[in-house]
Amino acid sequence: QVQLVESGGGSVQAGGSLRLSCAASGYTGSPVCMAWFRQGPGKEREGVAAISGGGFSIYYADSVKGRFTVSRDNPKNTLYLQMNALKPDDTAMYYCAAAFSEYCTGDWSTQSRYRYWGQGTRVTASS
């Protein structure tokens, strides 16, 4: 059974940094598109960033471009999200997700494209 486990969340001051990790286990196929989503207080869940199976295609939400960096280490079955210059608006539960296929494509933020989801890790950025 495939499991995704996020870690690395916490509380930081605005302007600070955090690095999230998502460890995948139980999956034996070719690397698939993976993504980070978040859901802030009173908000809908939204896509943050996605990376294709081979790591060659990367997508970001406009709100995080230039501040967040998504990466993956396939031999370690781990997805990362480096978050710099955090803002109070970044406060949310962050989830990693694994898609059905290798490629993320332009609709990478559509949640129905993702087959497996983690339980989330909380990030709080305070002013």
Side-chain angles (χ1 to χ4, degrees):
Q1 183 172 348
V2 175
Q3 283 193 316
L4 302 177
V5 179
E6 302 93 337
S7 62
S11 297
V12 297
Q13 294 285 329
S17 297
L18 284 172
R19 189 192 196 202
L20 306 184
S21 298
C22 170
S25 61
Y27 181 75
T28 58
S30 298
V32 295
C33 166
M34 295 191 72
W36 289 98
F37 286 79
R38 68 184 181 185
Q39 187 167 17
K43 299 179 182 180
E44 294 186 354
R45 189 157 56 182
E46 62 177 357
V48 175
I51 183 169
S52 62
F56 299 110
S57 297
I58 291 176
Y59 304 82
Y60 293 102
D62 288 344
S63 59
V64 306
K65 281 181 182 176
R67 300 188 299 122
F68 290 11
T69 302
V70 63
S71 61
R72 64 192 299 161
D73 185 334
N74 284 342
K76 294 183 178 179
N77 292 323
T78 304
L79 176 73
Y80 303 100
L81 185 68
Q82 177 67 44
M83 305 186 296
N84 298 328
L86 281 160
K87 304 176 181 179
D89 280 351
D90 296 318
T91 295
M93 185 73 83
Y94 283 72
Y95 303 89
C96 68
F100 288 88
S101 66
E102 177 184 358
Y103 301 104
C104 299
T105 72
D107 63 343
W108 64 271
S109 62
T110 300
Q111 296 180 47
S112 60
R113 296 193 76 250
Y114 296 89
R115 183 177 185 182
Y116 301 109
W117 292 82
Q119 293 299 307
T121 185
R122 188 173 300 278
V123 171
T124 302
S126 56
S127 58

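On a predicted model such as this, the values are computed, not experimentally measured, just so you know.
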Please answer whether the main-chain N or O of Cys104 pairs with a side-chain N or O of Arg113 as donor and acceptor at a distance below 3.5 Å.
yes
Using the side-chain contact (heavy atoms from CB on, under 4.5 Å) definition, which of the options Leu18, Val70, Val64, Ile51 pairs with Leu81?
Val70
Dump the intermediate steps for salt bridge (charged side-chain N to carboxylate O under 4.0 Å, His left out) on Lys65 and Asp62, then the final yes or no.
CA-CA 5 Å; Lys65 281 181 182 176; Asp62 288 344; 3.2 Å; yes
Less than 4.5 Å apart, any side-chain heavy atom of Arg67 and any of Asp90?
yes
Spell out, as yes or no, whether a donor-acceptor pair under 3.5 Å connects the side chain of Gln119 to the backbone of Val5.
no
Nearest 0.5 angstrom please: Ser71 OG to Gln82 CD, how far?
8.5 Å
Indicate yes or no for a side-chain donor-acceptor contact from Glu6 to the backbone of Cys96 under 3.5 Å, with no hydrogens or angles considered.
yes
Starting from Tyr80, can I reach Met93 by hopping between I/L/V/M/F/W/Y residues whose side chains sit under 4.5 Å apart?
no
Relative to each other, are the rings of Phe37 and Trp108 parallel, tilted or perpendicular (30° and 60° limits)?
tilted
Any donor-acceptor pair under 3.5 Å from Asn74 side chain to Gly54 backbone
no
Exceeds 12 heavy-atom contacts within 6.0 angstrom, atom CZ of Phe100:
yes
Report the C-alpha separation of Asn77 and Tyr27 in whole Å, then their side-chain angles, then the decisive distance to 0.1 Å, and conclude whether the side-chain contact (heavy atoms from CB on, under 4.5 Å) test is met.
CA-CA 9 Å; Asn77 292 323; Tyr27 181 75; 5.9 Å; no
Which pair of non-hydrogen atoms, one from Pro88 and one from Ser127, has the smallest distance, and what is that distance?
CG-CB, 4.0 Å
Would you say Gln3 has more than 12 foreign heavy atoms packed within less than 6.0 Å of its CD?
no
Is it the case that atom CD in Gln39 sees more than 12 heavy atoms from other parts of the structure closer than 6.0 Å?
yes
Atom pair CG/OG of Leu20 and Ser7 - distance to nearest 0.5 Å:
8.0 Å
Ser126 vs Gln13, side-chain contact (heavy atoms from CB on, under 4.5 Å): CA-CA, chis, key distance, verdict
CA-CA 5 Å; Ser126 56; Gln13 294 285 329; 4.0 Å; yes
Output yes when a side-chain donor or acceptor of Thr78 lies under 3.5 Å from a complementary backbone atom of Ala23, and no otherwise.
no
Which value, rounded to the nearest 0.5 Å, describes the distance between Thr69 atom OG1 and Asn84 atom CG?
6.5 Å
Derivation and outcome, side-chain contact (heavy atoms from CB on, under 4.5 Å), residues Tyr59 and Ser109:
CA-CA 9 Å; Tyr59 304 82; Ser109 62; over 6 Å; no
Step-by-step side-chain contact (heavy atoms from CB on, under 4.5 Å) determination, Ser63 to Arg38
CA-CA 12 Å; Ser63 59; Arg38 68 184 181 185; 3.5 Å; yes
Okay, side chain of Arg72, backbone of Ser52: is any donor-acceptor separation there less than 3.5 Å?
yes
Would you check if Cys22 and Tyr95 make a side-chain contact, meaning some heavy-atom pair closer than 4.5 Å?
no
Hey, what do you get for OH (Tyr114) to CG (Leu4), rounding to the nearest 0.5 Å?
12.0 Å
So OG of Ser17 and CG of Leu86: to nearest 0.5 Å the spacing works out to 6.5 Å
d(Gln111 CD, Trp117 CH2) to nearest 0.5 Å is 4.5 Å
Between Gly53 and Pro31, the two heavy atoms sitting closest are O-CB, 3.3 Å
